Amino acid sequence: MRTAFGAEFSGAQGFLNSATYGLPPQFLVDALRRHIDEWQSGTLDAGSFDESVRRARAGYATLTGVPTESVVLAGSTSAALALVAASIPDGSRVAVVAGEFTSTTFPFAAQSARGVTVTEVPQAQLPVVAAGYDVVVVALVQSADGTVLDVAALRDAVAGTETRTVIDVTQAVGWKRLELGWVDVTVGSAYKWLLAPRGTAWMSLSGRVASAMTPHAANWYAGHEPWDSIYGLPLRLADEARRFDVSPAWFAALGAGLTLPWLASLDPVAVEAHAVGLANGLRRELELPPHDSAIVSIPVSGAEDRLRRAGIRAAVRAGAVRVGFHLYNTEDDLDRLLDALGDNR
C-alpha cells in the first residue's frame with residue numbers, strides 16, 4: 001500500500017497507466033464494497049446517490065474553474081459532446097487537431113449530413129486559425145503523446161469572436177491546474193486522472209451554448225425536482241445546465257462523489273509539480289525536451305515488452321509506449337522504468 005497526498009493506493013508500484021485508467025484510493029474501494037454489500041442484501045438506498053452527484057458536480061467545477069450550475073452529468077465524453085454537436089447550426093465549420101482522440105471529434109464529424117465540415121489542423125496552428133471557424137474542438141492534453149494545448153493563445157485568439165470553444169479535459173483534469181471559466185464547453189471522463197469508476201463524465205456549458213441545445217436525452221433525473229419528475233407530463237426540466245443530466249450510474253457516481261471533491265481539496269500546484277516533475281525527470285534521461293505534461297511518449301523500439309517483464313504497466317498509443325505520472329507515483333517508479341529501458345534509452 002502506497003500513501004500519497006493523504007490517501008492510500010494499492011497497486012501503485014510500477015503503475016504508469018493513468019492515461020488509460022486511474023487507480024482508486026482505498027477510501028473509494030471501501031465505500032464501493034459497503035454499497036455492494038447493501039445492494040446484495042437489498043438495503044441499498046437509491047436516493048443516497050444524489051449526494052454523490054452533487055459532490056462530484058461541485059468537485060468538477062472547482063477542478064476546472066467553472067460555475068457549479070453550468071456542470072452536466074453525462075455517461076461518457078462522446079455522449080456529452082453529441083448533444084453539443086447536434087446543436088451547432090447547419091453548415092458550421094469546425095476545426096480540430098490532426099490525430100485527435102475520436103470520442104472528441106466523431107460527434108462533430110457525424111453531423112456532415114447537415115453540411116457541417118470538420119477540418120484537421122496542426123495543434124500549433126490552432127490558435128492562428130481558430131477565429132476563422134464557427135467551432136473549435138480540442139483536447140487540452142493530447143491522449144496519444146501528452147502534448148499540451150497553448151490555452152492562453154487560444155483564449156486570446158477567440159476573444160470577442162463568435163467562435164465556440166470545446167475543450168476535452170479528460171487527460172488533464174486531476175493532475176493539471178485549470179482555470180477554464182472562459183470556455184464554452186469543457187468535458188472530462190472521470191475514470192482516468194479523476195480516479196473514479198468508469199461510467200460518468202462531466203461537462204460545463206456556457207450560457208450561449210446551453211441556450212442553443214436541446215435535451216435530447218431528457219429524463220426524470222434532469223427534472224426540476226427529480227424525484228417528483230418520475231411519472232407523467234408535462235415536461236418539467238431543471239432551469240440550469242442540470243436539465244441535460246443523465247440518470248446516474250450509481251457506483252460510478254458514488255466514486256466520482258468521493259474522488260473529485262478529494263482531488264479538488266488538494267493543492268493543485270503541488271499535484272501538478274509532482275506529476276510533471278517525474279515526467280520531466282524521465283524526459284531528461286531520454287534526452288527529450290522538457291514539457292509541462294504528466295504524459296510521456298517513449299520512442300524506444302520494443303520497450304513495451306521490456307516494461308511488461310519489469311512489472312511496469314503502461315500503454316501503446318500512436319506507435320510508441322505511453323506512460324503517465326500521477327500523484328501516487330514516486331521516484332521509485334521512475335527508477336524502475338529507467339532500469340527496464342536499460343541501454344536503449
Side-chain angles (χ1 to χ4, degrees), residues 15 17-25 28 32 49 52-53 55-66 70-85 96-97 100-108 137-149 165-176 178 180 183-205 217 241-242 244-264 271 275 293-295 315 317 322 324 326-328:
F15 184 83
N17 204 18
S18 296
T20 301
Y21 66 90
L23 295 180
L28 166 55
L32 281 173
F49 296 101
S52 297
V53 172
R55 287 171 50 83
R57 195 188 311 273
Y60 181 83
T62 299
L63 288 164
T64 54
V66 302
S70 75
V71 177
V72 178
L73 166 62
S76 68
T77 290
S78 60
L81 291 182
L83 291 176
V84 178
V96 303
V97 168
E100 183 67 82
F101 190 69
T102 54
S103 287
T104 303
T105 57
F106 275 12
F108 294 88
V137 182
V138 61
L140 198 149
V141 175
Q142 289 295 308
S143 171
D145 61 8
T147 301
V148 179
L149 174 70
T165 50
V166 180
I167 298 184
D168 179 355
V169 300
T170 297
Q171 294 290 5
V173 63
W175 69 263
K176 185 171 180 59
L178 304 176
L180 300 176
V183 178
D184 285 296
V185 179
T186 75
V187 64
S189 292
Y191 69 96
K192 297 180 185 286
W193 305 89
L194 293 175
L195 314 180
R198 185 176 172 92
T200 66
W202 302 87
M203 176 170 67
S204 66
L205 301 171
R242 192 172 58 78
F244 301 106
D245 277 6
V246 299
S247 180
W250 289 340
F251 295 151
L254 170 70
L258 293 170
T259 59
L260 271 66
W262 175 67
L263 288 165
V271 172
S293 177
I295 299 173
R317 295 291 185 272
R322 182 188 69 184
H326 206 357
L327 49 72
Y328 41 61

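Position 1 is the first residue of the sequence, and the numbers go up from there. Model, not experiment: these values are computed from the prediction.
By the 30° and 60° cut-offs, the orientation of the rings of H326 relative to W193 is perpendicular.
Shown here are the side chain to side chain donor-acceptor pair (under 3.5 Å) partners of S103, two or more places apart in sequence or in another chain: there are none. Taking D145 as the reference, Q142, T147, S297 meet the side-chain contact (heavy atoms from CB on, under 4.5 Å) condition, with sequence neighbours excluded. For S18, the side chain to side chain donor-acceptor pair (under 3.5 Å) criterion is met by Y328, not counting sequence neighbours.
Side-chain N or O atoms of D184 include one that pairs as donor or acceptor with a backbone N or O of T165 at under 3.5 Å. Of the possible polar contacts, none joining the K192 side chain to the Y21 backbone as a donor-acceptor pair under 3.5 Å is found. Side chain of Q171 to main chain of A19: a donor-acceptor pair is present (N/O by atom type, distance under 3.5 Å, no hydrogens or angles).
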task: Tell me, with the steps shown, if L327 and W175 meet side-chain contact (heavy atoms from CB on, under 4.5 Å).
output: CA-CA 7 Å; L327 49 72; W175 69 263; over 6 Å; no
- request: Show your reasoning for whether side-chain contact (heavy atoms from CB on, under 4.5 Å) applies to V66 and V71.
  value: CA-CA 8 Å; V66 302; V71 177; 3.9 Å; yes
query: After noting the C-alpha distance and the side-chain angles of R55 and L260, does the key distance pass the side-chain contact (heavy atoms from CB on, under 4.5 Å) rule?
result: CA-CA 8 Å; R55 287 171 50 83; L260 271 66; over 6 Å; no
task: Verify side-chain contact (heavy atoms from CB on, under 4.5 Å) between V169 and I167, making sure each step is shown before the conclusion.
output: CA-CA 6 Å; V169 300; I167 298 184; 4.1 Å; yes
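Of all the heavy atoms in N17 and A315, the pair that sits closest is OD1-CB, 3.4 Å. Across all their heavy atoms, P248 and L73 have their closest contact at CB-CD2, 3.8 Å. Pairing each heavy atom of T102 with each of P107, the nearest pair is O-CD, 3.9 Å. V141 and S293 make their closest contact through CG1-OG, 4.1 Å (heavy atoms, listed as atom of the first residue, atom of the second, distance). Heavy atoms only, all atoms of each residue included: A172 and L140 are closest at CB-CD2, 3.9 Å. Residues T77 and S189 approach most closely at OG1-OG, 2.8 Å, considering heavy atoms.
Annotation: salt bridge (Lys or Arg N to Asp or Glu O under 4.0 Å) contacts involving residues 244-259, sequence neighbours excluded, comprise R57-D245.
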Taking only distance into account, with no hydrogens and no angle test, what donor-acceptor pairs under 3.5 Å do side-chain atoms of residues 251-258 form with protein atoms, sequence neighbours excluded?
none

Cut-off 3.5 Å, no hydrogens considered: what does the side-chain donor-acceptor table look like for residues 194-203, sequence neighbours left out?
{"unit_1": "R198", "atom_1": "NH1", "unit_2": "Y191", "atom_2": "OH", "d": "2.6"}

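The ring of F101 has its center no closer than 6.0 angstrom to the ring center of F106.
D168 has its side chain out of reach of V138: every pair of non-hydrogen atoms, C-beta onward, lies at least 4.5 Å apart. In this structure, the side chains of V72 and R242 stay at 4.5 Å or more apart for every pair of heavy atoms. Taking 4.5 Å as the limit, every side-chain heavy atom of V137 sits out of range of all side-chain heavy atoms of E100.
Once rounded to the nearest 0.5 Å, the distance linking OG1 of T105 with CG of L81 reads 9.5 Å.
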